[in-house]
Amino acid sequence: MQNKVLTIIQARKGSTRLPSKVLRDLGGKTALQHVIDRVSQSRLTSEIIVATTINRADLPIVKLCADMGVSVYCGCEEDPLERYYQATRLFGGSHTVRIKADCPLIDPEIVDEAISLHLSSDADYTTNTLDRTYPVGQDVEILSKQALKRLWQSAVLSSEREHITIYIPNHPDLFKISHLKCMEDLSGKRLTMDYPEDYELLRIIFDNLYPQNPDFRIKDVVDFLSKNPELERINAHISADSGVQKSLLEDRVVALSN
């Protein structure tokens, strides 16, 4: 296949802010199951891989993937970029879609829009996160094989290894970047699962929408919240990039072995 588009879902149990968040229940399924189910509906994804760690604590993730028939890669716990790069090498992708397992509302139609833009624009990196118009939790990032290899070889700050793609906005002259934009600015909405407050909001959304329509889309979530605006106050105090900011404060240079 000329353009083998891998989708790699990053998932691990370790989280200080919301322990075992990817295995928490939402409407009778784990958050990770919802992400896999939703990404599986993408028309342009060639293969889905869950990338987790070699830590024994992450064995439940491996079992869940085995039960669902989804490929899994277990790699370096301390270096997410290494894990991500080696998973792509193993499964042979020419382009890789990065999806985080704490985004259980990810919309496959948005994933396909991003893939289509990435391929048609011949970009090194395509995203809807740098110039944000989509809600937090609808994050899609796509890297060409060459761009990912450059990140793996060049990123030396711990924040760049942990968050995988922030080397790119730190060095924008080195990459051709395409930005996916939403027709309506929904950047103020927070629909990810990183803090207890996020989980509280997502539980309410799934309890109300999932039983009637398991394939509900982001437009259905927006409609539901517009009718219940008080719900968005549950996690409105959390900044969009709180995890990245914490990493930047703790930054250090990492010695690479490649």
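Values reported hereafter were calculated over all heavy atoms of this structure, with side chains retained and with hydrogens, waters and symmetry mates removed.
Considering only heavy atoms from C-beta on, Lys176 comes within 4.5 Å of Asp122 through its side chain. You'll find the side chain of Glu113 stays beyond 4.5 Å of the side chain of Asn128, heavy atoms only. Side-chain contact between Arg98 and Leu143 is absent, with no heavy atoms from C-beta onward closer than 4.5 Å.
Note that CD1 of Ile110 and CZ of Arg38 are 10.0 Å apart. Values are rounded to the nearest 0.5 Å. Atoms CD1 and SG, on Ile49 and Cys65 in that order, are 10.5 Å from each other to the nearest 0.5 Å. Here the straight-line distance linking atom CG of Leu186 with atom OH of Tyr134 works out to 8.5 Å at 0.5 Å rounding. With values rounded to the nearest 0.5 angstrom, Asp220 atom CG is found 6.0 Å from Asn213 atom CG.
With hydrogens and angles left out, the side-chain atoms of Gln33 and Thr30 include a donor and acceptor closer than 3.5 Å. No hydrogens or angles considered: a donor-acceptor pair under 3.5 Å links the side chains of His95 and Asn3. With no hydrogens or angles considered, no side-chain donor-acceptor pair links Asp124 and Gln146 at under 3.5 Å. Asp112 and Ser42 are linked by a side-chain donor-acceptor pair at a separation below 3.5 angstrom, with hydrogens and angles left out of the test. Under 3.5 Å, the side chains of Asp215 and Gln41 contain a donor-acceptor pair of N or O atoms.
Applying the ring pair (Phe, Tyr, Trp, His ring centres under 6.0 Å) test to Phe175 and every residue at least two apart in sequence or in another chain returns nothing. Applying the side-chain contact (heavy atoms from CB on, under 4.5 Å) criterion to Leu18, with sequence neighbours excluded, gives Ser15, Lys21, Arg24, Met193, Pro196, Tyr199. Every residue meeting the side-chain contact (heavy atoms from CB on, under 4.5 Å) condition with Ser20, not counting sequence neighbours, appears here in chain and number order: Lys13. A search for side-chain contact (heavy atoms from CB on, under 4.5 Å) contacts involving Pro214 returns Tyr210, not counting sequence neighbours. Checked against side-chain contact (heavy atoms from CB on, under 4.5 Å), Gln86 has the following partners two or more places apart in sequence or in another chain: Tyr73, Glu82, Arg89, Trp152.
Of the possible polar contacts, none joining the Glu141 side chain to the Ile99 backbone as a donor-acceptor pair under 3.5 Å is found. Between the Asp194 side chain and the Arg17 main chain, no donor and acceptor come within less than 3.5 Å of each other. No donor-acceptor pair under 3.5 Å is formed between the side chain of Asn228 and the backbone N or O of Leu231. Asp102 places no side-chain N or O within 3.5 Å of a backbone atom of Thr192 that could act as its donor or acceptor partner. Here the side chain of Arg83 pairs a donor or acceptor atom with the backbone of Cys76 at under 3.5 angstrom. Without hydrogens or angle criteria, Asp107 side chain to Ile218 main chain gives a donor-acceptor distance under 3.5 Å. In this structure, the side chain of Thr53 does not engage the main chain of Glu77 through any donor-acceptor pair within 3.5 Å. The main-chain N or O of Tyr125 is never found under 3.5 Å from a side-chain atom of Ser178 such that the two would form a donor-acceptor pair.
Across Leu151 and Arg161, no two heavy atoms sit closer than the pair O-NH1, 3.9 Å. Summarising the geometry of Thr133 relative to Cys182, their closest heavy-atom pair is OG1-N, 2.8 Å, with the distance given to 0.1 Å. Nearest approach of Ala155 to Tyr167, heavy atoms of both residues: CA-CD1, 3.8 Å. Nearest heavy-atom pair across Arg12 and Thr52 is CA-OG1, 4.0 Å. Of all non-hydrogen atoms in Leu26 and Pro104, the two that sit nearest each other are CD1-CG, 3.7 Å. Here the closest non-hydrogen pair linking Gly137 and Cys103 is O-CB, 3.3 Å.
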**Request:** Using the side-chain contact (heavy atoms from CB on, under 4.5 Å) rule, take Phe224 and Asn208 through it: C-alpha gap first, then chi angles, then the decisive distance, then the call.
**Result:** CA-CA 9 Å; Phe224 173 70; Asn208 281 272; 3.7 Å; yes
**Message:** Run Asp37 and Lys29 through salt bridge (Lys or Arg N to Asp or Glu O under 4.0 Å) and show every step you take.
**Reply:** CA-CA 10 Å; Asp37 286 344; Lys29 289 185 176 181; 2.8 Å; yes
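Applying the salt bridge (Lys or Arg N to Asp or Glu O under 4.0 Å) rule to pairs touching residues 44-60 yields Lys4-Glu47, sequence neighbours excluded.
His34 and Phe206 have their aromatic ring centers within a separation under 6.0 angstrom.
Test Asp139, Val39, Leu191 against Ile106 for side chain to side chain contact (heavy atoms under 4.5 Å, CB included) and you get one pass: Val39.
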